[in-house]
Enquirer: 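Pasting in a structure now, in structure tokens, and then I'll have a few things to ask.
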Amino acid sequence: MKRDMNYSDDFFKSLNVLTGIPVRKIQDYAKENNPCNILEHPMVVEPSDKQLERINKLNEFMSSYSLLKMEEEQTKIKFSSPTDSGKYFVSMLGGMKDKERFLVAFLDNSNSIIETKTVAVGGVAQAVVYPRDILKMAIANDCASILLSHNHPGGSTNPSNEDRNLTQKIVDIFQPLDIKVLDHIIVGGYSFSSMAQNQTLPSFSLKQANYEPIPLKNHEQIFEKNLDYDEEMDEELEP
Amino acid sequence: MNKNLRVKTELDRLIEVMTWLLKLNTDDQEKVQILVKQLGINRFFSEIERHDLSQDVKEKLIDLRNVQTAVGDMNAAPDLKEGGKA
């Protein structure tokens, strides 16, 4: 099938980089034929075994890409329950044991995702969440609500005192702006807990918004601390 | 197959193929995987220049986009026998 198409040098170069077929060979074939045939019928350019393997992989990519693109166009991710939110964040953070990551999903009025961003990543050094950055992203997205989520590399899904304090600080910032914090999902392994579901999500602003960076404590330390948890410690931790 | 499972399987396949084709190291593979999940495949490829990835990886991704776009355009173009302009 011959179609009216002009192929750029970029396309020829890219096809060469990805398949290993020389640019000259692709250009010569394209003089009389559709160069996309090279992907559909690789033998037209008599590829080597290695080039053929790369063409096959490229075809696999195209096929997966098309399917995912089509699925995306048909589906808009929408949250109607903490379970939806939990499953969504488990798909992104599930099983991550190397680093602690803090994600924020920005939602529209119908609780559909506008955008999800990673706002902090913990490594050897302590990760820090910058409320000012989250605020900028929220305003840029013109969102109606947000969902918070982070993973505990140790595998626990129990929110620590630090997690609750961090959530309260975010609520303190967003509630006066009429942006709801719908939930804070904590992912451990492939499980999750939802502060909204457990009724531990702060529902009102306690004090004036504080835009100071919030350290995301290393959960391994917090987890160890929780093992020694007692009444006296609880009192010490209370503000 | 459940739709979510189908998408997840396809996404895993896509990442695996991209890792092989572009020779991604573990760190880049993880970054790409997170970005694709966060942004979706459309935005991931349309905003390559904005991603926190090395220039080398970005260039390889642009190559993939160039080929994908050309094939997509070819599929969308009218067949000459079906009335397309010669």
Side-chain angles (χ1 to χ4, degrees), chain A residues 1-19 34-40 53-77 87-89 91-93 96 98-99 101 103-105 113 115-118 121, chain B residues 3-23 26-27 30-31 33-47 52 56 59-86:
Chain A
M1 190 156 43
K2 172 83 175 157
R3 293 173 195 259
D4 178 30
M5 292 290 297
N6 290 315
Y7 293 93
S8 67
D9 288 342
D10 281 347
F11 167 65
F12 294 137
K13 190 216 94 190
S14 295
L15 198 56
N16 158 255
V17 169
L18 294 168
T19 63
N34 181 338
C36 293
N37 284 349
I38 295 171
L39 296 176
E40 285 180 39
E53 190 182 11
R54 295 188 70 77
I55 291 171
N56 288 337
K57 284 286 179 189
L58 188 53
N59 278 324
E60 272 188 57
F61 166 80
M62 306 288 278
S63 150
S64 290
Y65 179 93
S66 302
L67 195 142
L68 287 167
K69 188 178 173 192
M70 199 168 62
E71 292 283 2
E72 244 176 56
E73 283 162 0
Q74 289 170 356
T75 315
K76 202 174 176 188
I77 301 169
K87 282 181 182 171
Y88 174 73
F89 285 111
S91 79
M92 292 205 245
L93 296 169
M96 289 191 173
D98 58 336
K99 291 172 187 167
R101 291 178 172 76
L103 270 57
V104 181
I113 290 187
E115 182 172 39
T116 302
K117 297 282 274 188
T118 303
V121 181
Chain B
K3 186 179 174 183
N4 289 339
L5 183 59
R6 190 172 70 236
V7 170
K8 189 186 175 309
T9 308
E10 206 57 52
L11 194 56
D12 289 346
R13 183 178 167 220
L14 181 100
I15 299 294
E16 191 187 314
V17 171
M18 283 171 67
T19 302
W20 190 93
L21 260 178
L22 309 185
K23 297 185 174 69
T26 312
D27 194 37
E30 191 180 88
K31 282 183 184 173
Q33 189 165 8
I34 291 171
L35 284 164
V36 171
K37 284 182 177 175
Q38 283 182 0
L39 302 174
I41 196 80
N42 283 318
R43 276 192 65 190
F44 174 78
F45 274 99
S46 63
E47 297 176 5
D52 177 24
D56 178 50
E59 282 170 15
K60 290 174 183 173
L61 288 169
I62 289 169
D63 285 328
L64 267 183
R65 183 173 66 190
N66 287 342
V67 173
Q68 194 285 325
T69 304
V71 173
D73 288 350
M74 193 276 290
N75 289 333
D79 186 347
L80 290 180
K81 289 178 185 167
E82 293 165 5
K85 284 182 186 174

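Only heavy atoms go into these numbers, but all of them, side chains included; no hydrogens, no water, no symmetry mates. Below, read A as the first sequence line, B as the second, and so on, with proteins coming before strands; counting in each chain starts at 1.
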Enquirer: Between B/Gln38, B/Lys60, B/Glu30, which residue shows the highest count of heavy-atom pairs closer than 4.5 Å to chain A?
Expert: B/Gln38
Enquirer: Any side-chain donor-acceptor pair under 3.5 Å between B/Glu10 and A/Ser64?
Expert: yes
Enquirer: According to ring pair (Phe, Tyr, Trp, His ring centres under 6.0 Å), who are the partners of B/Phe44, at least two apart in sequence or on a separate chain?
Expert: B/His51
Enquirer: Please test A/Lys13 against B/Asp63 for side chain to side chain contact (heavy atoms under 4.5 Å, CB included), starting from the C-alpha separation and ending with a verdict.
Expert: CA-CA 8 Å; A/Lys13 190 216 94 190; B/Asp63 285 328; 3.3 Å; yes
Enquirer: Working to the nearest 0.5 angstrom, can you tell me the gap between A/Thr118 OG1 and B/Lys37 NZ?
Expert: 11.5 Å
Enquirer: Can you tell me which portion of B/Leu35 sits under 4.5 Å from chain A's heavy atoms? Options are side chain, backbone, both or neither.
Expert: neither
Enquirer: Counting only heavy atoms closer than 4.5 Å, note whether B/Glu59 contacts chain A via side chain, backbone, both or neither.
Expert: neither
Enquirer: Could you check if a side-chain atom of B/Met18 sits within less than 4.5 angstrom of a side-chain atom of B/Leu61, using non-hydrogen atoms only?
Expert: yes
Enquirer: Does any heavy atom of chain B fall under 4.5 Å from the side chain of A/Leu39, the backbone, both, or neither of them?
Expert: side chain
Enquirer: Between A/Leu67, A/Leu18, A/Leu15, A/Val17, which has the largest tally of heavy atom pairs under 4.5 Å with chain B?
Expert: A/Leu18
Enquirer: State which residues pass ring pair (Phe, Tyr, Trp, His ring centres under 6.0 Å) with A/Phe11; sequence neighbours excluded, sorted by chain then number.
Expert: A/Tyr7
Enquirer: Could you check which of A/Thr116, A/Ile113, A/Leu93, A/Asn16 has the highest count of heavy-atom pairs closer than 4.5 Å to chain B?
Expert: A/Thr116
Enquirer: With chain A as the partner, which of B/Val17, B/Leu14, B/Val36 has the greatest number of non-hydrogen pairs under 4.5 Å?
Expert: B/Leu14
Enquirer: Identify which of B/Ile34, B/Leu11, B/Leu22, B/Leu64 forms the greatest number of heavy-atom pairs closer than 4.5 Å to chain A.
Expert: B/Leu64
Enquirer: Less than 4.5 Å apart, side chain to side chain, heavy atoms only: is that true for A/Glu60 and B/Leu21?
Expert: no
Enquirer: Hey, which of A/Lys117, A/Lys87, A/Arg101 has the most heavy atom pairs under 4.5 Å with chain B?
Expert: A/Arg101
